[in-house]
Number of protein chains: 2
Amino acid sequence: MNRKNMEPSNRNIEMGSRHLGRLFMQFKQLERHPRVFGEAGPLTPSEIHTIDAISCESGILMSELAARLSVTKGAVSQIVKKLESKQLVQRTPHPEDSRAVMISLTEKGIIAFQAHRELHQNFYKELSDQLNQDEIQIFEKCIQKLTELLKKE
Amino acid sequence: MNRKNMEPSNRNIEMGSRHLGRLFMQFKQLERHPRVFGEAGPLTPSEIHTIDAISCESGILMSELAARLSVTKGAVSQIVKKLESKQLVQRTPHPEDSRAVMISLTEKGIIAFQAHRELHQNFYKELSDQLNQDEIQIFEKCIQKLTELLKKE
DNA sequence: AAATTTTAGTTTAGTATCTATACTAGTTTG
DNA sequence: CAAACTAGTATAGATACTAAACTAAAATTT
């Protein structure tokens with residue numbers, strides 16, 4: 001376990017894995033605080049993620065939403081209640097199945113949705129501006145591989 | 001806001017930012033569940049991150065640890081208490097400053113630490129095995145830029 | 001040297017996010 | 001039609017944090 005006896009490749013792996021770890025830590029830290037999304041006001045991370053998952057669809061079921069966010073129905077139930085009280089989403093009864101509820105964004109919700117998407121896109125743009133076309137392509141490949149690997153974990 | 005009217009570059013940004021978002025979601029999901037680290041047993045994400053931050057140092061102050069983890073002293077105080085009760089870390093009084101406490105890993109803590117590092121390194125190795133030398137280098141560059149950008153957010 | 005301020009750490013109450021479990025009430029199926 | 005399934009809600013508890021109030025020791029002022 002002596003660092004001086006390590007092969008270069010092992011040291012590279014050690015460094016690389018640490019850098020990746022640091023990136024995720026940085027991300028985690030960001031995800032701890034509420035942010036303001038345009039006129040929609042400050043929203044907690046899970047609130048805005050839920051809004052993003054609902055997207056501009058005409059209506060999505062609670063259970064679909066749960067699957068999309070990879071959380072339980074109970075979690076979605078709670079967060080939708082909160083979003084409804086903030087008038088960001090609305091519930092409409094399903095026309096055929098009276099157990100089901102269709103969730104959709106209100107106008108205020110759409111404002112938050114767009115502000116959030118824009119934020120993300122500006123972030124990505126700022127990153128890709130620092131890369132050339134080849135590098136972007138490789139970056140995309142890496143993102144995809146990373147996502148795959150994380151899914152397996 | 002019509003997708004068909006978008007320039008290719010805008011569409012690429014939209015796609016890219018979505019992929020990046022998905023990656024972080026995948027990561028967040030992983031970070032929700034406890035994992036087993038060798039003989040040290042199952043540890044929650046924040047427990048193992050704290051152990052990783054303590055590392056194999058001979059002794060680190062609570063306040064240093066808080067800074068390293070980017071959390072408040074109170075948060076560290078709580079988690080160290082839990083780790084101490086699990087016999088993964090130990091407190092020793094500071095030789096000169098009797099207010100201060102030195103935190104270090106026990107043998108069991110070191111086992112967890114090493115198992116965690118190994119896990120991360122295996123993950124990184126699996127990723128880099130799918131890339132050639134140039135791609136790894138670009139990937140590293142991107143990780144670094146991403147970390148910088150996130151820090152600014 | 002006494003008084004003040006700063007620093008190290010703990011404690012407590014409260015918030016956000018999630019899970020698991022138990023539940024209600026419609027829907028489908030045998 | 002009864003049994004089993006499905007959609008969603010409610011609630012209690014876990015985790016992981018913050019903010020604020022606190023204790024006690026150390027450093028600085030006066």
Side-chain angles (χ1 to χ4, degrees), chain A residues 24-35 41-54 59-86 88-104, chain B residues 24-35 42-54 59-86 89-104:
Chain A
F24 282 130
M25 287 306 262
Q26 203 81 45
F27 164 72
K28 209 180 123 190
Q29 201 185 324
L30 255 183
E31 283 286 291
R32 275 210 295 265
H33 304 290
R35 290 184 74 143
L43 298 177
T44 66
S46 87
E47 283 171 348
I48 194 63
H49 284 143
T50 305
I51 285 174
D52 194 67
I54 295 168
I60 176 176
L61 296 178
M62 296 293 277
S63 42
E64 283 182 78
L65 200 45
R68 205 174 280 191
L69 292 166
S70 307
V71 296
T72 60
K73 296 176 300 168
V76 172
S77 198
Q78 292 170 59
I79 197 137
V80 164
K81 192 163 70 177
K82 219 168 54 160
L83 288 173
E84 200 182 18
S85 78
K86 289 190 178 185
L88 293 161
V89 310
Q90 58 205 358
R91 290 170 142 100
T92 21
H94 192 284
E96 280 129 45
D97 189 336
S98 64
R99 295 168 305 178
V101 181
M102 310 292 283
I103 310 297
S104 57
Chain B
F24 282 130
M25 287 306 263
Q26 203 81 46
F27 163 72
K28 211 180 121 191
Q29 200 185 326
L30 254 182
E31 282 288 290
R32 275 209 296 267
H33 303 290
R35 289 184 74 144
L43 298 176
T44 66
S46 88
E47 283 171 346
I48 193 63
H49 284 144
T50 305
I51 285 174
D52 193 67
I54 295 168
I60 176 175
L61 296 178
M62 295 293 277
S63 42
E64 284 183 76
L65 199 46
R68 206 173 280 189
L69 292 166
S70 307
V71 295
T72 61
K73 297 176 299 169
V76 173
S77 199
Q78 291 169 58
I79 195 135
V80 163
K81 193 162 69 176
K82 218 168 54 160
L83 288 172
E84 200 181 19
S85 77
K86 288 191 178 185
V89 311
Q90 57 204 0
R91 291 170 141 102
T92 22
H94 192 284
E96 280 129 47
D97 190 337
S98 63
R99 295 167 305 177
V101 181
M102 310 291 283
I103 309 298
S104 57

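Just so you know, these numbers use all the heavy atoms, side chains as well, and skip hydrogens, waters and symmetry mates. Chain identifiers are assigned alphabetically (A, B, ...) following the order of the sequence lines, protein sequences preceding nucleic acid strands; residue numbering begins at 1 within each chain.
Using a 4.5 Å cut-off on side-chain heavy atoms (C-beta onward), Glu47(A) and Lys82(A) make contact. Annotation: side chain of Leu83(A) is in contact with side chain of Ile51(A) (closest heavy-atom distance under 4.5 Å). Looking at Val80(A) and Leu65(A), their side chains come closer than 4.5 Å, going by heavy atoms from C-beta outward. Residues Leu43(A) and Leu88(A) form a side-chain contact, since some pair of their non-hydrogen atoms from C-beta on lies under 4.5 Å apart. Side-chain contact between Arg99(B) and His94(B): absent, with no pair of heavy atoms (C-beta onward) separated by less than 4.5 Å. The closest side-chain heavy-atom distance from Met62(A) to Met102(A) is not below 4.5 Å. Contact of the Val71(A) side chain with the Arg32(B) side chain is registered, since non-hydrogen atoms from C-beta on lie closer than 4.5 Å.
For the pair Lys86(B) and Pro42(B), the tightest heavy-atom approach, listed with the atom from each and the gap, is NZ-O, 3.8 Å.
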Study note, to complete from the structure: Protein heavy-atom contacts under 4.0 Å, written 5' to 3' over nucleotides 13-24 of chain C as B (base), S (sugar-phosphate only) or - (none), form the string ---SSBB-----
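Between the side chain of Ser77(B) and the backbone N or O of Lys73(B) there is no donor-acceptor pair closer than 3.5 Å. Under the 3.5 Å distance criterion, the side-chain polar atoms of Arg68(B) are matched with a main-chain donor or acceptor of Ala53(B).
The aromatic rings of Phe24(B) and Phe27(A) lie parallel to each other, with less than 30° between the two planes, well short of the 60° mark.
In this structure, the nucleotide among dT10(C), dG8(D), dA8(C) sitting nearest to the side chain of Ser63(B) is dA8(C).
Direction of the helix axis in the helix from dA1(C)-dT30(D) to dG30(C)-dC1(D) shifts by 10° between the two five-pair termini, rounded to 10°.
With rounding to whole Å, Lys86(B) atom NZ is found 13 Å from dA14(D) atom P. When the P atom of dG26(C) is taken as reference, atom CE of Met62(A) falls 17 Å away, rounded to whole Å. Rounded to an integer number of Å, the gap from Leu61(B) CG to dA26(D) P is 13 Å. Note: CZ (Arg35(B)) to P (dT15(D)) measures 17 Å, nearest angstrom. If you measure from atom CD of Glu84(B) to atom P of dG9(C), you get 13 Å, rounded to the nearest angstrom.
Within the structure, a side-chain polar atom (N or O) of Arg91(A) is placed less than 4.0 Å from OP1 or OP2 of dT9(D).
Listed by residue number, the members of residues 96-104 of chain B with any heavy atom below 4.0 angstrom from DNA chain D are Glu96(B), Asp97(B), Ser98(B), Arg99(B).
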